[in-house]
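I have placed the structure first, in the form of structure tokens, so that the comments after it can refer back to it.
Below, read A as the first sequence line, B as the second, and so on, with proteins coming before strands; counting in each chain starts at 1.
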Amino acid sequence: MKHHHLSLRAKDAITGFLFTLPALVGLAAFFVVPFGITMKMSLTESMGSSKFVGLKNYRDVMGSAAFKLAAKNTFKFFGVALPCILILSLFIALLLFRNLKKYDIFRTFFVFPLVLPVSSVVLFFQIVFSDLGVVNGALEGLGMHAADWTGEQAFWVLLILYLWKNTGYNVVLFPAALNSVPPDLYEAASLDGAGWWKKLTRITLPMIAPHTRFILVISIVNLFKSFREAYILFGDHPDQSIYMIQHFMNNNFINLNYIRLSVGAALVFLVIFVLVGLLLTLRDKDEGGHE
Amino acid sequence: MKTRIFSLILALAVLLSCLAACESGESPSPITGGEENASTATDYLDFQYPEETDTLILYMEEQDNEFWNIAIGRFQELYPDVEVVTKRFEQDDFLATIRTELPAGKGPDLLFCVDTYLPDIYKSMATQTLVDLTPYIRFDEDFCEDDYNDGVMRGGKLNGRQYLVPVFYELSCVTTSEELLRESGIDPSSINTFEGLYQACVKFHDSNPDAPLFQIGAETNNLKQVYQYSGFRLIDYETNTVHFDEENFKCMVDICKLFYVKDPPQPYFMMDWAAVAKRTCMFANCGSTIFNYLNSYADLNYYVGETPILYAFPNESNGISARISRFAAVPIGAENKLNGYRMLKVLLDMEVQTGIPKGQTVQAPSVMISAMGLPVNREAIKRSIEYYAQEYMDRTGGELTDEDKNYIFGLTESVTDSVLIPTELFKLYKKSVMQYIVDKKPFENVLKVLKEKLEIYKDE
């Protein structure tokens, strides 16, 4: 009588699988299955129908003025906010990195906006940027006209809110990257007569590039989260300058139009996936080059 | 390497989608469906009624028990072989259930609910959530459209298709008197247009600077009431365009601006005839039932000796819009569509719409059912008028002639259109016009911003 014994490797694999099974079930139930349903919905005629219509829904959504405006504003906000936050947080990190004692004191200060409840942050901004708020008061004191911060200038309010809330997080992350740069390189550069600009561009930035990519991904995630504040501050139909993809999706959810919501979600997923995929490809390239 | 290939494939997929989108012509409308319009509505030559089934599934709110008991009783008289399965919900649960099940293609065989339960009913019509009832009605020999208020019934159509049937409605009706108007130099016949109404409001406000426009509504600065009474759709759902009469729209907003008060008073409750008699407001709110209309009309004459006017606000076309308060529709996912349609017809029955059994002439219409609004069934309106007129005369000793009763009936017949006003549109309207009402922005700017937001809203 033959006995079939599993190899040790197979046993290990099964054991590992069983341990991860609860997490996999949760992942499937809360991510994979809903994702599949969403993708299916985006390709069918209507919610109650299983009739496949190909890319018709995508054509409808991408051809609509609302989506085009939302996409344009989202990309514009990304294009402005991401460079701003990276430059600003790196600048502050570099300043503080020179004096590590002061950095410990300021770290709490920078992380503080992150832990504040969203409603408190919004209330604060409403007070500051309301028609009779602090900012307009200052402008009028300087002899200038008050601005419509919930209308034409809403884009800048949202940008300031995003930077204020999230810069601190990056400021906390960058020192870990700066620490990884060997000080010998700076000494050698100094000996060769390199100034601060050359040290920054030829040593610091290339050396912290992998960390910067990670911080970029985190910043992109936080950018999407800024819809929360935008929604509370400006409502579900804000000024045209800040009507973004999330508004489009949220409003279709409210109107029970789940097909268009699914298409919007699928397109957002696609874009993020490509972006992150490209970043990972660059990372792989760097690691391959270093090897 | 694998990541690189995967990203490339996805990038290609995105590119394909973009190219597919670029190939399309005009942006298809999420409201009209983009492919058909009213002038090319099908003749339904191939229509066949769905198969007979032996079940009818109904969802109902606890507060509508009395109405449903009468309706189900009547249905079972007509169709004894059909089993009626009911699910009862509290209001919040009912709301959550229909908002979840309808978009998923499920739900009851007949949807009967308040107009505000679905966020934008016109968008729901366009996303094929509701069955097109046009052929059901057209080929039904038992369905006589003359039995129902045609102005009100019109409100359930989109692109010539009847997606829902109004069951109860409300008129934008308020009470005033000829004497009140004339004291302020207003010709009562001049207020049937928006421009005329605005001029009358100016004259009244000049004569009575402290008196609000409405008896109840001043606490919210009349915005919601004037907007609802005026029946502005703001979006022409037939053509999917932002379209409304801007002059009349400005009149409507200027009326609110005229009576705007920074710290509005709390509402005070008194009989509407007393409010008019004391000149505490321009228009008193008289409720929206036949009982209210009759009493308001008669009381002003009986107690005060003034000539009553039951005034219905003009709409943007200077007609009169009713607001659909309850409607019935067959969801696309209904398993027993034919029975759902049959129950819909039962809801329009005179007996069900009044709670007065057939053959009974001396019985009060049900108060609970009356609270739902005015019945769309013309016979139901007439029976209610007859009963309440007699009740009034018996109670007060006053007199109501046939002319008075015809006046009330004529008011309901004067409806030229009915609307279902999406809550979201009112929010957009309010947020925009308040900037003008409180003098923060000129009207042109406010109108421009509102139109931009409406353009986005209709394209979502």
Check your understanding: Does Asp109(B) have any side-chain hydrogen bond (donor to acceptor under 3.5 Å, both in side chains) partners at least two apart in sequence or in another chain, and if so, which?
Key ->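 Asn336(B).
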
Review point. If you draw the axis of the six-membered ring of Tyr457(B), does the NZ or CZ of Lys123(B) fall within 45° of it and under 6.0 Å from the ring centre?
Key: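 Yes, Lys123(B) lies over the aromatic ring of Tyr457(B).
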
Exercise for review: Answer yes or no for Lys430(B) and Tyr227(B): cation-pi contact, defined as NZ/CZ to six-membered ring centre under 6.0 Å and angle to ring axis within 45°.
Suggested key: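 So Lys430(B) doesn't make the cation-pi contact.
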
Point to revise | Which portion of Leu428(B) sits near chain A, non-hydrogen atoms under 4.5 angstrom | key: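 Side chain only.
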
Review point. Where on Glu424(B) is there a heavy atom nearer than 4.5 Å to chain A: the side chain, the backbone, both, or neither?
Key: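 It is the side chain, since no backbone atom gets that close.
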
Check your understanding: Tell me, side chain or backbone of Asn252(A) under 4.5 Å from chain B's heavy atoms, or both, or neither?
Key ->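 For Asn252(A), the side chain is the part near chain B, not the backbone.
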
Review point. If you tally heavy-atom pairs under 4.5 Å against chain A, which of Glu455(B), Lys431(B), Lys427(B) wins?
Key: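 Top count of heavy-atom pairs under 4.5 Å with chain A: Lys431(B).
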
Practice item. Examine Phe234(A) together with Phe125(A) and report whether their ring centres are nearer than 6.0 Å. Key: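 No, they do not, as the ring centres are separated by 6.0 Å or more.
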
